[in-house]
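Letters A, B, ... are given to chains in the order of the sequence lines, protein chains preceding strands, and every chain is numbered from 1.
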Amino acid sequence: MLFNSFTFLIFFALVCAAMALTNLPVFSAIPREKRLRVRHIILLLASYVFYGWWNWLCCFLMLGLTLVAHLCALQMGRPWRKAALAAGVAVPLLVLGVFKYYNFFVDSFCAVFGISRAGTLRIILPVGISFYTFQSLSYTIDVSRGKLKAETDFVKTALYVAFFPQLVAGPIVKAGDFLPQLEEDRNISLPNLELGVQYFVFGLFKKVVIADNIASFIDAVHSAPAAYSAGTLLLATYAYFVQLYCDFSGYSDMAVGCAKCLGYELPRNFDIPYISRNVGEFWRRWHISLSTWLTEYLYFPLGGSRRGEGRTYLNLFIIMTVCGLWHGAAWTFVLWGALLGVAQCVYRFAAPLRKKLPKSPLVTVISVFFTYTFICFSAVIFRASSIGEAWRIIVYIFTLHEGSFWGVFGLITVWGAHIAACIRSKKLGVPPTGYYPTVNLNSFTGLLIFFTFVGLTLSLGYTGQSPFIYFQF
Amino acid sequence: MKAKAINWLLKALLAGAAAFVLLCLFCALWYKVPVHYTNPDGATEYKYEPNTFYSRGVEGFAMGRTNSDGFPELLDYAPGDRVDVLLLGSSHLEGYSVPPEKNAAAVLGRLFDGEKAVYSIAMAGHTFPYCAKHLEKALEVYRPQVAVIELASLSYDPAAMDAVTDGTLPDIPSHAGGFVTLLQKLPFLRHMYNKYFNRGNDVVKAAAVMETEVSGADFDASLARLLEKLGEVSRARGVKTILVHVPTVVPDAEGHAVLEVKPGERESFQRLSEENGLVFLDLTERFVSALEDDHELLFGFANTAPGHGHINSRGHELFAEAVYGCIENGEG
């Protein structure tokens with residue numbers, strides 16, 4: 001079930017009601033550990049219902065991966081810890097590889113060697129598999145590194161992997177950030193609801209009003225690029241990145257909001273990425289949980305920047321290409337990732353030149369503009385269904401009416417929000433960082449603003465088919 | 001604690017009411033559709049409240065006022081007023097996504113430059129079978145010299161066409177009267193209802209049932225009977241009836257036009273129209289040329305998917321030019 005659906009609203013209301021029941025005086029008499037366990041079981045069951053709503057068979061897959069992670073982590077103190085670690089890493093990667101990449105590699109192999117299509121599997125791609133396999137991987141690896149004690153309670157491990165607010169499209173939460181929260185007496189409360197509901201509605205606005213309305217424009221243009229003028233294609237290029245940002249960050253905000261309502265904190269996944277001055281900074285502000293995961297579990301083990309310049313460039317290229325491949329089993333994603341890897345390498349290589357540039361607002365603005373434009377153009381590859389389509393769009397941009405109200409609205413709104421965040425950060429004397437615009441729901445004005453915002457979201461929201469873009473990853 | 005909760009609830013209720021007012025004001029400019037009533041004179045299934053402001057920002061941007069006759073027409077109409085060219089059709093020709101001065105009726109009126117009075121009674125949901133159902137009454141009420149019927153599709157269900165011929169085509173209901181009418185006058189409420197609770201609304205259902213996958217002998221036979229009836233009605237009133245096919249033309253990846261017409265349908269309409277003294281004006285070549293040669297998209301708007309949806313102001317202009325040429329010079 002999608003976050004932006006009545007089904008989910010009913011489901012979430014029921015979960016909140018069940019959790020609120022555990023606040024009743026009758027539960028206070030129960031020992032703390034048992035009380036927490038009841039809450040964890042409620043959330044775990046709710047999470048499996050949530051996941052099973054798409055396809056109940058996928059629940060078994062997730063349960064299996066959770067069991068592997070749980071059992072392997074428990075073996076870390078034993079003599080066979082290396083075998084356990086190998087199993088804890090290999091099994092999730094194998095599952096991900098089979099479900100997500102097997103057909104892609106078989107098709108590519110056949111295409112290269114001119115073999116007729118054979119040997120592909122007819123399997124569905126389970127929603128969110130890229131996210132929860134990475135979570136189970138991080139848990140096993142963190143335990144093996146001694147960063148975390150192995151969790152003996154399977155319910156807690158299972159809840160960490162399956163926690164429904166972040167299950168199908170992130171953020172990718174590290175076990176060290178989530179498991180300690182399960183030890184605390186966290187639950188629904190009015191302050192949590194006040195903030196959580198506002199985060200949720202804020203994310204919903206980004207998703208259904210901005211992202212989904214832009215999508216109809218983008219889809220039309222991408223399906224027939226030759227029919228549109230260069231200006232329209234250029235607008236579509238910039239607007240797609242707005243769509244992607246609002247779709248994904250909107251979902252993340254809704255996930256954070258849901259978790260907040262239930263009393264749990266999820267990490268922020270985006271931090272005003274438009275203002276990035278370079279690709280490196282972009283990846284510190286965009287899909288933060290994924291870039292952090294790849295840095296910690298891939299970049300550093302490869303040596304990071306500690307094995308010479310040449311190796312550093314290679315590591316950067318590898319990590320970005322893997323990032324591209326993580327997004328999808330298609331050469332467009334691989335090419336996109338590789339392109340970003342090259343950009344990172346070029347940025348690093350140009351360090352001596354960069355040091356000579358004056359530190360001025362003009363240089364900052366130019367850097368931001370070029371980074372933003374580069375990211376938008378690379379997103380053309382990300383969005384296209386084939387490399388040929390992506391190339392065609394880029395060529396057409398530079399070679400001829402139909403504007404897009406939502407494209408322009410989205411650009412203005414998102415850039416406006418970014419600028420507002422920068423101004424606020426400057427006033428607070430902190431580095432530029434985003435924030436959630438919340439109001440005081442105990443005041444009449446706050447309630448009026450909130451209700452009007454909810455009404456505007458409902459009025460302007462797109463009501464066609466609009467899955468979250470990152471569900472496909 | 002209890003007092004605090006009651007205090008908060010009161011604040012929330014007041015804030016909710018105030019927000020509702022603000023949202024109604026917003027929707028008055030964004031989406032305000034007049035209530036529609038069953039048309040007492042039978043020229044159409046229904047028409048809107050007369051002299052009522054309307055706005056639409058969900059597909060295109062258009063604002064206007066329904067005329068004294070209850071249609072989104074620039075010109076007022078009183079019984080007995082002269083009408084030379086009468087336009088009938090669906091939401092495409094109604095042009096509710098297009099400013100009223102840019103819809104086909106207004107453009108056609110300017111092309112005739114006062115020589116002929118053009119009047120449109122096109123309404124959403126009035127696909128060809130419904131226009132055919134009401135043609136006789138429409139000619140009786142408005143007494144035009146020329147009747148123009150818009151056909152956005154040529155794929156009509158033989159059963160539906162037979163129902164028109166037999167006089168058994170079901171009505172499109174109008175839900176007007178009493179408290180329901182009052183609720184419909186609250187723009188935000190109407191907008192929410194149409195958006196979230198009435199997506200299978202009667203008008204859409206009526207239009208949808210017209211489309212068919214059936215073609216061939218059954219289709220030709222039913223179409224022949226229907227066009228024979230239209231021919232008789234037109235001859236009885238001395239009216240020239242023009243059936244205008246407005247094809248759905250979408251661009252493919254290479255910018256070429258893709259048509260959604262089944263083989264043989266255009267030919268059947270052409271042949272059977274000629275046999276029954278009707279004019280079949282097919283805009284396919286014009287629309288394809290506009291897309292492929294002039295790179296003009298005749299469907300879609302800046303706030304929806306360009307190239308898809310209802311015809312836009314350029315589409316209306318092309319429609320009007322083609323009809324003008326057909327009436328004045330016999331072009332087809």
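At most 12 non-hydrogen atoms from other residues, nucleotides or ligands lie less than 6.0 angstrom from NZ of B:K102. Heavy-atom neighbours of B:L9 CG from other residues, nucleotides or ligands within 6.0 Å: above the threshold of 12.
Considering only heavy-atom pairs separated by less than 4.5 Å from chain B, the leading option among A:A220, A:A224, A:S223 is A:A224. Contact count versus chain A (heavy atoms, under 4.5 Å) is highest, among B:N312, B:L291, B:D252, for B:D252. Counting heavy-atom pairs closer than 4.5 Å to chain A, the top residue among B:E292, B:K4, B:M192 is B:M192.
Contact of B:F188 with chain A is made through the side chain alone, with heavy-atom distances under 4.5 Å. Residue A:D219 does not touch chain B at all, counting heavy-atom pairs closer than 4.5 Å. Heavy-atom distances place no part of A:F453 under 4.5 Å from chain B, backbone and side chain included. Neither the backbone nor the side chain of A:T445 comes within less than 4.5 Å of any heavy atom in chain B. Using a 4.5 Å cut-off between heavy atoms, B:F61 touches chain A through its side chain atoms alone.
Between A:Y228 and B:L297 the shortest heavy-atom distance is CE2-CD1, 3.1 Å. The two atoms that bring A:T452 and B:L23 nearest to each other are O-CD2, 3.7 Å, heavy atoms only. Pairing each heavy atom of B:F26 with each of A:S459, the nearest pair is CE2-CB, 4.3 Å.
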*Take A:F451 and B:L22 through the side-chain contact (heavy atoms from CB on, under 4.5 Å) test and state the conclusion after the steps.*
CA-CA 10 Å; A:F451 287 145; B:L22 286 174; over 6 Å; no
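With contacts defined as side-chain heavy-atom distances shorter than 4.5 Å, the pair B:W8/A:L447 qualifies.
In this structure, CG in B:L10 is found 11.5 Å from CZ in A:F444, a value given to the nearest 0.5 Å. In this structure, A:F217 CZ and B:H308 NE2 are separated by 12.0 Å, a value rounded to the nearest 0.5 Å. We find the NZ-CG distance between B:K11 and A:L448 to be 13.0 Å, quoted to the nearest 0.5 Å. A:L460 CG to B:H191 NE2: the interatomic distance, rounded to the nearest 0.5 Å, is 6.5 Å.
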